[in-house]
Amino acid sequence: MRNLREYVRPATADDAVSAKQAHGTRAAYLAGGSDLLVHRPPHLEVMIDIRHCGLNDVRSEDGHIVIGGAALLRDAEAAVTSVAAGMLADAFRDTAPWLIRNAATVSGNIANASPAADAVPALIALDAVAVLAGGDVDMAPVGEIPAGPHRTNLGDALITAIRIPTKPRRGSFVKLARSHSDIALVNLAMSFVPDGGRMRDVRVALGAVAPVAVRAGAAEAVLEGQEPTDDIIAEAARAVNDDIRPISDWRASEAYRRRMSGVLLGRAVHRARQRTETE
Amino acid sequence: MKTELSMVGRRAPKIDAVKLVTGRATFTDDVEMRGLLHAKVLKSPHAHARILSIDTSRASEIPGVHAVITHRDVPRNPYTSAGQSWPEPSPYDMYVLDRKVRFHGDAVAAVAAETPEIAEAALEAIGVEYEELPAVTDFRQSMGAGAPIIHDEPESYGIYDASRNIAAHIDVEAGDVEKGFRLADVIVENEFDVQYQQHTCLEPHVTIAFLDEDRRLVLRTSTQIPYHCRRMVAFALGIPVRNVHVLKPRVGGGFGNKQEVVTEPIAAVLAMKTGRPVKLEYTRTDEFTIARNRHPQHITLKTGVRRDGSIVANALSVLTNTGPYGTHALTVTGNTGTKPLPLYRAANMKFYADIVYTNLPIAAAFRGYGAPQGFFAMEVHMDEVAEALGIEPLEFRRMNHIRVGDTDLMSAAAGEGAGKKPRVIHSCGLPECIERGAEAIGWYQKRGRPGDGPIKRGVGMCILMQGSGVAGDELAGAALKMNEDASFNLMVGSADIGTGSDTSLAQIAAEVLGVPLENILIKSGDTDDISFDYGAYASSTAYITGMCVLKASEDARQQIVAAAARMMDEDPEGLLVHDEKVTSLSGKSVTLQEVALECLYGESKTVIIGKGSHATKESPPPFVAMFAEVEVDTETGQVRPVEIVTAVDVGRAINPDICEGQVEGAVAQGLGYALTEEILVDADGRVLNPTFMDYKIFCAADMPTLTTILVEAEEPTGPFGAKSVAEIAINGPAPAISNAIYDAVGVRLHSLPMTPEKVLAALDCRGER
Amino acid sequence: MKIAVTVNGTREEWDVAPAETLLDALRDHGYRGAKRVCESGECGACAVIVDGLAIDACIRLAVQSDGSQITTVEGLETADGLHPVQEAFTANGAIQCGFCIPGMVVTAANYLEMNPQPTEDDIRHVFIGNLCRCTGYKKPVEAVLASVSEEVGRRED
């Protein structure tokens, strides 16, 4: 960030977008800094602080929870404890340590476009939509924002809110990592609408197994309309292999990530089922 | 020695606690220095290269740049960065700056500038032409025919065989192992692999160098070895020792990484060249890439046993990767054999090692100092030996461990420095450690009960020993001066690097002098003081410096008694010093304050100065029995430590809080070594994971329940019976957990760290059998 | 760039560079309790309380704090003495080298305002972002628990 020369603090989202459009790739939206100030991109000349644009709140609105574009992970976590049996709150909590959740935002976790982001698969598995300002479209499913590792389709657009439908779902988030302070080797979120003992409208999404978080369509198809029996879970765990494109790196091999995707799928379904039963 | 102790054995709060907890304590970089310049080092982009030319002209012209130095600007005095006693038993194969670079990040040049940003800009303006050389990035290839020679310079010396990249070599034998193996009913042989581990002291290496008003070089530096540092920097720069003054402020962790001169020489050269204060501070990335690490090793163990469970021959051989420099090469690997081998009684032992150079990160001293590698191998191996004999592993250890009166055969054959003297064991609390540890973990209830479901439980154990200082190669000097209010200035040369040694030493002085702890004003680690010390390493401070402080305090106490006897007109014999007064059997008493005032201002006009100097051939081992309970996830391969019980024989706990803290911290570091920590390098020798995000030390939520049991088998040669505690426990988590994994799922892990993928692969192998 | 901050109750005006972190600015202005360790928000040694929330000062720009109320470790101690968390860390042997300790006590002090009766598990999870290499976390976690228990202060042997 040696080229950084300007800090702007717009009072509205529109002003923030105008500033971004004026400077293009030389500028970045800044909130918690937990990614930007770690990587400190040398080319950045302008930082646009979006924490004073009135985007910090989390509220309920016409069947949705609306997480402001500058809302902290800590505030979002507290507001979504009842969403999908706590699945989303788990994902927000696993995203970062407490000190970071006091500073970092949900939308920042999306816009950073880490393949291993924890919040992203959870939001995808809940059909969450990002509300945008200054983009080609006004709304985009959260899963369509990351374009690749640390690349997005946002252009100059600002995420002003994330809308999560609050229809009654069940779900769970599971993460495999080396330690409690680590990023995911594999993470997986799933949700469904309970229909007696059956799972309807099933969503499964995984992180760290492809350049961006992915929906697991093949696994969803196996689970759709079914009761979560051991056989169905095992079949879905096999099917998830067709949904992912993991790589080998020093954190884990491709084979391990593939195998763990199946294991996590089984555990996520079991956990969601247990939560449903205990309610 | 007194039997009733009032200060020794107390959980006294650390005497520096308040200033540390309020942020007032000053570490090296916490002072304001007028005119401070910032130093940066240009690092090699190659694993192995010759520097053909360096052009510093553009860098020097940048406004705000005060000095740019290269190998042309420093004396070519070979040295070692190993902070050891003189002459260091490490090869003299380093130069402050050299014409050759031997690993990624090796220093090429350095600058001092008004700001860090200007210094960075200056580095980029330095033009360097390199001749790239073939590199050795696999230490199994270092000695191979055709391997590039890493130290081909003629000036270096003390290298065992530079032409074969062998920095040091060990080949010692006690008895005759081949004869022993012929007597064996069963021979068990195993191989083990261990990785680079980083100390990750929270405070990085940092030095502020400046010239004082007498033009003496002052090094305010984060070090474990103030006195060695003074001598080593003076010798490396070719200046008189008297012209160097080392000051150790509070230090934010050392663990061996600061038993080295690292940032001091370059900071010193830049300060002398500019006449300004210069700060050289490593970044976290620097710590992970160019500081020091624990040595990777490949270890082979071969043990012959009789059916009755006795060991007739035990042979350990090691190939060690020291990286590009041989700092601590001989002595760390020496410990890999000489600490674990004598733990088991055997008439015949052999220890063989080659310590080889590579173009990889530098390995050096790290808490445990070679013993963690050796004990991982030995203690997993001994579980397997016991199993081969059908003997319960805890019972097998009880049958064979060293005990009081035994002679440590390896110490005679392979001792360090002047220490080649057989070490006789005077104290050993191991039986009590084993018994109490087993009870605390529930050994007999839990063993062999993995449970149902995909997550299995297991318990494992190991036994350990270490030393208390380097046998025959330690020296401490301390002095103590009495003030008007019966306070005492205690000057020691040892370095409290966060261990609490200032507090323990003050407790010893307070005990002898019959005063409260707040009456002892300790100053440690200032080479201009009337003190001397080899430094904080080898678990030496409580045992060596502690005895030295005991002697100095005793000296002062005798002077106090003599003065009080004159004042009371009593025979000095039979006078007692306690509770800030001196009392006689006849009931007379004077306060220490009265004694002090009389001595300083009364008839006698005497300054009471107690002094002590202490060296010993002894290095009594502390002992540990460590027990681990783990959960092994058979679907993911993840291992979760549930509880670690450490029963440790410390001789005497001078401060139980401090002893427990040493154990708990060592266990946490040992857990990382066992399960998550590893410096990874790519095929070109570049570090892949130089951040806390990517290099995983244990965090609070990862920790198992820690149970620490202090056992006090009084050591006759130690102060109030104390021996060491700082290092020993780090040796235990890796073998105890490996053995617990075996109890849970029946697979043996011989390679660290025991990652989920390794565990899963081992489970797959078992499944296929 | 000129900014105004209130540090430990004292209003200050600072001239900072655009890329300067809050940590560097604090240390430059004499608040050296916050430590520079990782500079990437991983270790918590630079934790300070900004507008009521403890954060890592190394990943916040100084200019972002313009107008903010900041409490550093130096501000936890009052005329009445040490903060209960500081008292408990001192009394419970929770401090070794002390380099991570300012961040730990700031984090704990701030967390306890929101959750005055935490469990051991709560504290272990709050400390995930506070790395310590000396203590194994046992005594620091016990110290936080002790600070909210009935018996703050010295335990007897």
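Only this structure's heavy atoms are used, side chains among them; waters, hydrogens and symmetry mates stay out. For clarity, every value in this text was computed on a predicted model and none was experimentally measured. Numbered from 1 within each chain, the chains take letters A, B, ... in sequence-line order.
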*Examine whether an atom of B:T285 lies under 4.5 Å from a heavy atom of chain C, and if so say whether it belongs to the side chain, the backbone or both; otherwise answer neither.*
neither
*For chain B, find which of C:Y31, C:F89, C:Y137 contributes the most heavy-atom pairs closer than 4.5 angstrom.*
C:Y137
*Identify which part of B:D29 has an atom lying under 4.5 Å from any heavy atom of chain C, answering side chain, backbone, both or neither.*
both
*asked:* One pair to check against side-chain hydrogen bond (donor to acceptor under 3.5 Å, both in side chains): B:Q197 and B:R367. What are the steps and the verdict?
replied: CA-CA 11 Å; B:Q197 183 187 22; B:R367 190 183 214 168; over 6 Å; no
*Check each atom of C:V37 against the heavy atoms of chain B and say whether the ones under 4.5 Å are side chain, backbone, both or neither.*
both
*Say you draw a straight line from NZ of B:K14 to OG of B:S501; how long is it, rounded to the nearest 0.5 Å?*
8.0 Å
*For C:E74, is it the side chain, the backbone, both or neither that has a heavy atom under 4.5 Å from a heavy atom of chain B?*
both
*Who among B:T283, B:L20, B:T499 has the most heavy-atom pairs with chain C under 4.5 Å?*
B:L20
_Residues forming a salt bridge (charged side-chain N to carboxylate O under 4.0 Å, His left out) with B:E120, sequence neighbours excluded_ = B:K40
*What's the shortest heavy-atom distance between B:I208 and B:T28, and which atoms?*
CD1-O, 3.4 Å
Identify each donor-acceptor pair in which a side-chain atom of residues 1-10 of chain C lies under 3.5 Å from a protein atom, sequence neighbours left out, and give them as a table.
| unit_1 | atom_1 | unit_2 | atom_2 | d |
| --- | --- | --- | --- | --- |
| C:N8 | OD1 | C:T72 | N | 2.9 |
| C:N8 | ND2 | C:T72 | OG1 | 2.9 |

*Contact part of C:L76 toward chain B, heavy-atom cut-off under 4.5 Å: side chain, backbone, both or neither?*
neither
*For C:I95, is it the side chain, the backbone, both, or neither that has a heavy atom closer than 4.5 Å to a heavy atom of chain B?*
both
*Parallel, tilted or perpendicular: which describes the rings of C:W14 and C:H29, with under 30° parallel and over 60° perpendicular?*
parallel
*Name the region of B:F27, side chain, backbone, both or neither, that has any atom closer than 4.5 Å to a heavy atom of chain C.*
side chain
*Do the charged groups of B:E660 and B:R11 touch, with an N to O distance under 4.0 Å?*
yes
*Could you tell me if the ring centre of B:Y695 sits under 6.0 Å from that of B:F288?*
yes
*So what's closer than 4.5 Å to chain C heavy atoms on B:V31: side chain, backbone, both or neither?*
backbone
_Most chain C-contacting option - heavy-atom pairs closer than 4.5 Å, from B:A668, B:P204, B:G23, B:C699_ = B:C699
*Contact residues of residues 113-121 of chain C (partner chain B; heavy-atom separation under 4.5 angstrom)*: none
*Between B:S539 and B:E727, does any side-chain donor sit less than 3.5 Å from a side-chain acceptor?*
yes
*asked:* Given heavy-atom pairs under 4.5 angstrom as the criterion, report whether the side chain, backbone, both or neither of C:T135 touches chain B.
replied: backbone
*asked:* Using every non-hydrogen atom in the two residues, find where B:E677 and B:Q669 come nearest and quote the distance to one decimal.
replied: OE2-O, 4.0 Å
_Region of C:Q96 that comes under 4.5 Å of a non-hydrogen atom in chain B_ = both
*asked:* Show the nearest heavy-atom pair for residues C:A25 and C:E20, with the distance to one decimal.
replied: CA-OE2, 3.3 Å
*Going by atom types alone, do C:Q86 and B:T22 pair a side-chain donor with an acceptor below 3.5 Å?*
no
*Between B:S524 and B:D496, does any side-chain donor sit less than 3.5 Å from a side-chain acceptor?*
no
_What I want to check is whether the side chains of B:E203 and B:S222 have a donor and an acceptor closer together than 3.5 Å._
yes
_Engaged part of B:I497 at the chain C interface, taking heavy atoms whose separation is under 4.5 Å_ = backbone
*Given a strict heavy-atom distance threshold of 4.5 Å, which part of B:E287 is in contact with chain C: side chain, backbone, both, or neither?*
neither
_Contacting moiety of B:V251, where chain C heavy atoms sit under 4.5 Å_ = backbone
*Identify which part of C:R27 has an atom lying under 4.5 Å from any heavy atom of chain B, answering side chain, backbone, both or neither.*
side chain
Cut-off 3.5 Å, no hydrogens considered: what does the side-chain donor-acceptor table look like for residues 48-64 of chain C, sequence neighbours left out?
| unit_1 | atom_1 | unit_2 | atom_2 | d |
| --- | --- | --- | --- | --- |
| C:D51 | OD1 | C:Q69 | N | 2.8 |
| C:D51 | OD2 | C:S68 | OG | 2.9 |
| C:Q64 | OE1 | C:L61 | N | 3.0 |
| C:Q64 | NE2 | A:A31 | O | 3.0 |
| C:Q64 | NE2 | A:D49 | OD2 | 3.4 |

*What part of B:P116 gets closer than 4.5 Å to chain C, counting heavy atoms only: side chain, backbone, both or neither?*
neither
